[in-house]
Amino acid sequence: MNRSHSRAASCRLFSSVAAFTLAALAAGQAAAADELNALVWCDHTDPALIEPFEKANDVKVNLKEYEGTGAGLSILEQSQPGDWDVMVVDAVDVHRVIDMGLLGEMPADALPTADLFPELRMEENNTKDGKTYAVTEKFGYNTISFDKTKVDPKDMEDLSVIWSDKYKGRIALYDYYLPMIGLVQLGLGKKTADLSDADMPAIEEKLSAMKTVSKQVSDVVSSQTALATGEVDILVGGGEWITASLAKDKPDLDWIVPKQGAMRWAQSIGVMKDSKKPDLALKFVQYILSPEGQARLATSSCYWGMPTNQKAGEHLADEQKKALRWDDQPAYLKNTQLYPIPTAELDQKMQDAWTNMMQQ
Amino acid sequence: MTTATLEQSERRKAWALVAPALLWTVAFFVIPFLYMAAMSLWSRQGRDILRVWNLDNYARFFSESALLRGLTNSLEITLTVTVLSVLLAYPLAWIIAERVPKRWQRMALILAILPFWTSYVVRSYSWLLLLSKGGVINQALLGIGLISEPLEIASNRTATVIGFVHFFVMLLTLTIYSNLIQLSPNYRRAAADLGANAFQTFWHVILPLTLPGVMTGAFLTFVLCIGDYITPQILGGNNELVLPQIIMLQIGRRADFPMAAALSIILMLAVTAAYVLCARWLKIERA
């Protein structure tokens, strides 16, 4: 064993103890026959989603929530192989996790791929060398959310509104550079898949203009609060995941896919390669992908989003489908693009451009 | 038992008493700090971390204005908050210690620190709601006709400073109050006997004697404020970034821990500089 391995082993020992303690605390008083450790986004922490699986399988699901692929990967790096059984990850980052050797292969025939919206099967993201490592579980749009009583909805049909002076001081920008830079790329009439170093100067110019006309750059909760309280009238980067859960209380909040298109976000779920319970982990993935699980995930208390399984519609109330714009999905899917998938170098340039924008 | 044996025994007891705190500090501060310092000399190359010592991260910090601006923003906000908090907390502590009857002082202190009992995050979001265009403050000012347009006091530096000052006034009130009540009334009597008026007594006697409490509170305010991520993130509207926000940005998506470590070391150096300044200043006053 060389020094770096020894060091890594020591780190793993410490982190395993910590992970074990956390898992034990999370388990609380429950006396389930088995346990499953899942690294997830906040929408999976809704008891209405998790409890039916726990009861049906007599298992305790220990959930660890994270934000940002980098933060998720650092948790995995500090854990011992086998600590985690399931991971939810940004669909555009699945290959990043596969390349680190962290995700295990799932039997394709065990997944309801045929029931998914065709655009959300995303084989190029979820598979490698013909093997399936993840499956898309939820999706939605980063586009323009607005208060239709305070702005002209027609103005929202053109993406150039995000850098125009017309609504100066009444705009919030969602604080995640990947979809926001993607939206700018679309506004410039280009495809996100083609985004390269050469596009960055024009993008930076537009980001600067967007900052000038905006009121704030904010995370999910602050953005939602700003839109709901009238602090801003437009949220660039918002979508159904911001407005759907507010539909009852704030019926004036709306969102639109502009003519140039919008960004499509998607999250995937996979089984960890070193999971000690791969069968149970696969069962969990199957539950999340089932029509019932999908309906619960779509309307999770943390944020709403479209289920990828088309059969989930049978388990959603009409009001819920209306808030999710179920019937408009074919048109939206046609006119939206996935986040850009930058190289590490381009990723840094994009982050630097975003930092510069906020500090201007 | 000889004197030497007694001393040895006392020394062993002293070490035994200190050992738990020392071990805790070494395990959870010294070792992680050294690891972080070493990591700050590594660098992110593509998706990998290059474990070769270099100063690239520090060079990048001093060459990129957006990063450097994070430090200046942090220092400006922290100094503003510290000064404002001291100016507001001193009179409050003075009133509680000197003007409020003894039997009501405990109640007055509890009322002063009552906001401590709520969650820090909840308190920050509450401020956001209060300061927003449709919030209580703007609505009240509009209602009584003092302003015709809502004030822009949310999602900017003003909001961040208000949120911080609200929190740190409570902390400083406690440290200054504890200093004030320890002062013997004989100091004031002696000053009066020597012909000093109330202001002269305060300026030449009370204030210098309470400076240790003020400086302790001010230093704590500086340390807690400059390292805070939540308040600027919720109340600042990301219209300018402070250093902790830039540190989080390095980790969130790209997991650039070496750069985040370098920025954390720079943050620690700022705190160390503040400590050196405070400690030195206090020493001069005591002399």
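If you're wondering where the values come from, they're calculated on a predicted model, not measured in any experiment. Chain naming here is simple, since letters A, B, ... match the order of the sequence lines and numbering starts at 1 in each.
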* Asked: When rounded to the nearest 0.5 angstrom, what is the spacing between CE in A:Met350 and CZ in B:Arg253?
  ->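 So the CE of A:Met350 and the CZ of B:Arg253 are separated by 7.5 Å.
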ask   = Measuring from B:Leu67:CG to A:Asn356:CG, what's the distance to the nearest 0.5 Å?
value =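 Here the rounded value is 8.0 Å.
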So does [Y] get a backbone contact from the side chain of [X], meaning a donor-acceptor N/O pair under 3.5 Å?
| X | Y | answer |
| --- | --- | --- |
| A:Gln359 | B:Ala66 | yes |
| B:Lys133 | A:Thr229 | no |
| A:Lys215 | B:Ala154 | yes |

Between [options], which shows the greatest number of heavy-atom pairs under 4.5 Å with chain A?
| options | value |
| --- | --- |
| B:Gly236, B:Gly70, B:Gly46 | B:Gly46 |
| B:Ala255, B:Ser65, B:Gly252 | B:Gly252 |
| B:Glu240, B:Arg69, B:Gln45, B:Arg254 | B:Arg254 |

Check your understanding: So what's closer than 4.5 Å to chain A heavy atoms on B:Asn73: side chain, backbone, both or neither?
Key ->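 B:Asn73 touches chain A through side-chain heavy atoms alone.
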Which atoms of B:Gln245 approach chain A - backbone, side chain, both or neither, heavy atom under 4.5 Å: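 B:Gln245 has no heavy atom closer than 4.5 Å to chain A.
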Please state whether the side chain, the backbone, both or neither of [X] comes within less than 4.5 Å of a heavy atom of chain B.
| X | result |
| --- | --- |
| A:Thr69 | both |
| A:Ser223 | neither |
| A:Asp99 | neither |
| A:Glu67 | backbone |
| A:Asp175 | side chain |
| A:Leu173 | neither |

* Asked: Within a reach of under 6.0 Å around CD of B:Glu64, are more than 12 heavy atoms found that belong to other residues, nucleotides or ligands?
  ->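 More than 12 heavy atoms, drawn from other residues, nucleotides or ligands, come within 6.0 Å of this atom.
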